[in-house]
**Q** 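Mind having a look at this structure? Questions to follow.
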Amino acid sequence: MVDLNETLSPASIELSDTDVERAQRGECDNPVFSVLERNVGLMRASHPKSHDARDAFADDLIKASPFELDIQTIIATWAIGLKGQQDRFGVAREFSGPLFAVHALYDYKRREATEGITSGFIRTGKLPDAVFLDEGYLNYAKQRIAFIAGEMTRLSVYMDGVPDAMDEVTRLAGSERIEDKQRLKELLDYSKAHKTPILSAVRENVANSIIGLSLSLDR
């Protein structure tokens, strides 16, 4: 499988309603989506009896590498994972953990060296000391995480109208200017019209996953 974005530069194109509506129906053209779809059971396995399915999923992702996780693919994945699961607020960590770990840590150009690093992190949540002596590999992994963070910014702009809605809403709420009050109303109305349970779940789940990875790489 070819990498869909060799430079991994975050896309600057804003999401359209059509993009998001299609993704929320679980529709996706990304070749790796077939791997994700096959593991819908793992997405919903909140209390797994073993880690066998998780490890098999990680192996499947490694075999499918390199792959890109654009925001439409992530939304579509969460959509099928949460379908019919009204009491759920996100997919299981047994699924999201390996998904982002393989995307960030496995370098298909350095297969043997990075496969062990990736599988070890999925099992233990820790990286070997040797990783922190390899600046090239650290930069590679951080770039992969930065790409996901960029895709999440695209989602935030779609959901809230701005990249950092909390800061903007706080600023506007403290202003007495008429134009700021109008802008605040516009942002709140926009957000109300664009938020859905699936998009909210994506934002929270993905943030938790990539923050943990980022912290592990910045020790």
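For reference, positions follow the sequence shown, starting with 1. Please read all numbers here as calculations on a predicted model, not as lab measurements.
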**Q** Rounded to the nearest 0.5 Å, how far does CG of Leu213 lie from CZ of Phe100?
**A**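 The CG atom of Leu213 is 9.0 Å from CZ of Phe100, to the nearest 0.5 Å.
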
**Q** How far does CD1 of Ile198 sit from CD1 of Ile75, to the nearest 0.5 angstrom?
**A** 9.0 Å

**Q** Identify the two heavy atoms, one from Ser214 and one from Ile145, that lie closest to each other, and give their separation to 0.1 Å.
**A**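 Closest pair (atom of Ser214, atom of Ile145, distance): OG-CG2, 3.3 Å.
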
**Q** So which heavy atom on Ala76 is nearest to which on Glu27, and how close?
**A** CB-O, 3.8 Å

**Q** Using 0.5 Å steps for rounding, measure from the CG atom of Leu172 to the CZ atom of Arg183.
**A** 7.0 Å

**Q** Are Asp218 and Lys142 close enough that some pair of their side-chain heavy atoms sits under 4.5 Å apart?
**A**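 Yes, at least one pair of side-chain atoms sits under 4.5 Å.
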
**Q** Among all residues two or more places apart in sequence or in another chain, which pass the salt bridge (charged side-chain N to carboxylate O under 4.0 Å, His left out) test with Asp129?
**A** Arg219

**Q** Pairing donors with acceptors under 3.5 angstrom, does anything connect the side chains of Thr170 and Asp167?
**A** no

**Q** Can you run down the ring pair (Phe, Tyr, Trp, His ring centres under 6.0 Å) pairs that involve residues 187-219, sequence neighbours left out, and say none if there aren't any?
**A**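 Passing the test, one end in residues 187-219: Tyr158-His194, Tyr190-His194.
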
**Q** Answer whether the closest heavy-atom distance between the side chains of Val91 and Thr77 falls below 4.5 Å.
**A**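 No, their side chains stay 4.5 Å or more apart.
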
**Q** Please step through salt bridge (Lys or Arg N to Asp or Glu O under 4.0 Å) for the pair Arg22 and Asp29, ending with a clear verdict.
**A** CA-CA 11 Å; Arg22 183 168 181 265; Asp29 298 323; 2.9 Å; yes

**Q** Report the residues that fulfil salt bridge (charged side-chain N to carboxylate O under 4.0 Å, His left out) with Arg171, sequence neighbours left out, ordered by chain and then residue number.
**A** Glu168

**Q** In chain order, what residues pass the salt bridge (charged side-chain N to carboxylate O under 4.0 Å, His left out) check against Asp55, with sequence neighbours excluded?
**A**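 Per chain and number, Asp55 pairs via salt bridge (charged side-chain N to carboxylate O under 4.0 Å, His left out) with no residue.
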
**Q** Does His103 reach the side chain of Phe147, with side-chain heavy atoms less than 4.5 Å apart?
**A**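 Answer yes - side chains close enough.
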
**Q** Between Asn39 and Val35 (side chain of the first, backbone of the second, donor and acceptor by atom type, cut-off under 3.5 Å), is there such a pair?
**A** yes

**Q** Are Phe121 and Ser216 close enough that some pair of their side-chain heavy atoms sits under 4.5 Å apart?
**A**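 Yes, their side chains come closer than 4.5 Å.
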
**Q** My understanding is that only residues two or more places apart in sequence, or in another chain, count here; which of them pass side chain to side chain donor-acceptor pair (under 3.5 Å) with Thr153?
**A** none

**Q** With a 4.0 Å cut-off on N to O distance, would you call Asp59 and Lys63 a salt bridge?
**A**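 Judged by the 4.0 Å cut-off on N to carboxylate O distance, Asp59 and Lys63 do not form a salt bridge.
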
**Q** Does Leu138 share a hydrophobic cluster with Ile148, counting links as ILVMFWY side-chain heavy atoms below 4.5 Å and allowing steps through other members?
**A** yes

**Q** Among the clusters formed by ILVMFWY side chains lying less than 4.5 Å apart, do Val157 and Val206 turn up in the same one?
**A**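 Shared cluster, no.
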
**Q** Please report the closest heavy-atom contact between Val40 and Gly81, naming both atoms and the distance.
**A** CG2-CA, 4.4 Å

**Q** Is any side-chain heavy atom of Arg110 closer than 4.5 Å to one of Tyr140?
**A** no

**Q** Please determine whether side chain to side chain contact (heavy atoms under 4.5 Å, CB included) holds for the pair Leu36 and Leu61, giving the CA-CA distance in whole Å, both sets of side-chain angles, and the decisive distance to 0.1 Å.
**A** CA-CA 8 Å; Leu36 309 182; Leu61 288 171; 3.9 Å; yes

**Q** For the side chain of Thr114 and the backbone of Ile117, is there at least one donor-acceptor N/O pair under 3.5 Å apart?
**A**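 Not confirmed, Thr114 side chain does not pair with Ile117 backbone.
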
**Q** Please report the interatomic distance CG(Leu15) to CZ(Arg154), rounded to the nearest 0.5 Å.
**A** 4.5 Å

**Q** List the atom of Ser34, the atom of Pro31, and the distance in Å for their closest heavy-atom pair.
**A**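 Closest approach of Ser34 to Pro31, heavy atoms only: OG-O, 3.2 Å.
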
**Q** Nearest 0.5 Å, please: how far is CH2 in Trp78 from OG in Ser200?
**A** 13.5 Å

**Q** How long is the straight-line distance from SG of Cys28 back to CD of Glu37, given to the nearest 0.5 Å?
**A** 8.5 Å

**Q** Taking side chain as C-beta onward, heavy atoms only, is Asp107 less than 4.5 Å from Thr118?
**A**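 A side-chain contact under 4.5 Å is absent here.
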
**Q** Do Asn30 side-chain atoms and Phe33 backbone N/O form a donor-acceptor pair below 3.5 Å?
**A**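 It does not hold such a pair.
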
**Q** Sequence neighbours excluded, which residues qualify as side-chain contact (heavy atoms from CB on, under 4.5 Å) partners of Ile62?
**A** Val102, Tyr106, Glu115

**Q** Taking only residues two or more places apart in sequence or in another chain, which ones pass side-chain contact (heavy atoms from CB on, under 4.5 Å) with Arg203?
**A** Met152, Leu155, Ser156, Met159, Asp160, Lys195

**Q** Within a strict 4.5 Å, meaning less than it, do heavy atoms of the Leu105 and Tyr137 side chains meet?
**A**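 SC-SC contact between Leu105 and Tyr137 confirmed.
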
**Q** Could you check if a side-chain atom of Gln72 sits within less than 4.5 angstrom of a side-chain atom of Gln24, using non-hydrogen atoms only?
**A** no

**Q** Is it the case that the side chain of Asp60 and the backbone of Phe57 share a donor-acceptor pair, with hydrogens and angles ignored and the cut-off at 3.5 Å?
**A** no

**Q** Applying salt bridge (Lys or Arg N to Asp or Glu O under 4.0 Å), which residue pairs with at least one partner in residues 92-106 are found, sequence neighbours left out?
**A** none

**Q** Where is the tightest heavy-atom contact between Ile80 and Gly26, given as atom of each residue plus distance?
**A** CG2-CA, 3.9 Å

**Q** Restricting to non-hydrogen atoms, name the atom on Gly90 and the atom on Asn205 that form the minimum distance, rounded to 0.1 Å.
**A** CA-OD1, 2.9 Å

**Q** Taking only residues two or more places apart in sequence or in another chain, which ones pass side-chain contact (heavy atoms from CB on, under 4.5 Å) with Glu21?
**A**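 Glu21 satisfies side-chain contact (heavy atoms from CB on, under 4.5 Å) with Asp17, Arg25 only.
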
**Q** With sequence neighbours excluded, tell me which residues meet side-chain contact (heavy atoms from CB on, under 4.5 Å) with Glu204.
**A** Asn208

**Q** Starting from Leu215 and following side-chain heavy-atom contacts under 4.5 Å between hydrophobic residues (I, L, V, M, F, W, Y), which residues can be reached?
**A** Ile211

**Q** By salt bridge (charged side-chain N to carboxylate O under 4.0 Å, His left out), which residues pair with Glu179, not counting sequence neighbours?
**A**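 By the salt bridge (charged side-chain N to carboxylate O under 4.0 Å, His left out) rule, Glu179 matches Arg177.
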
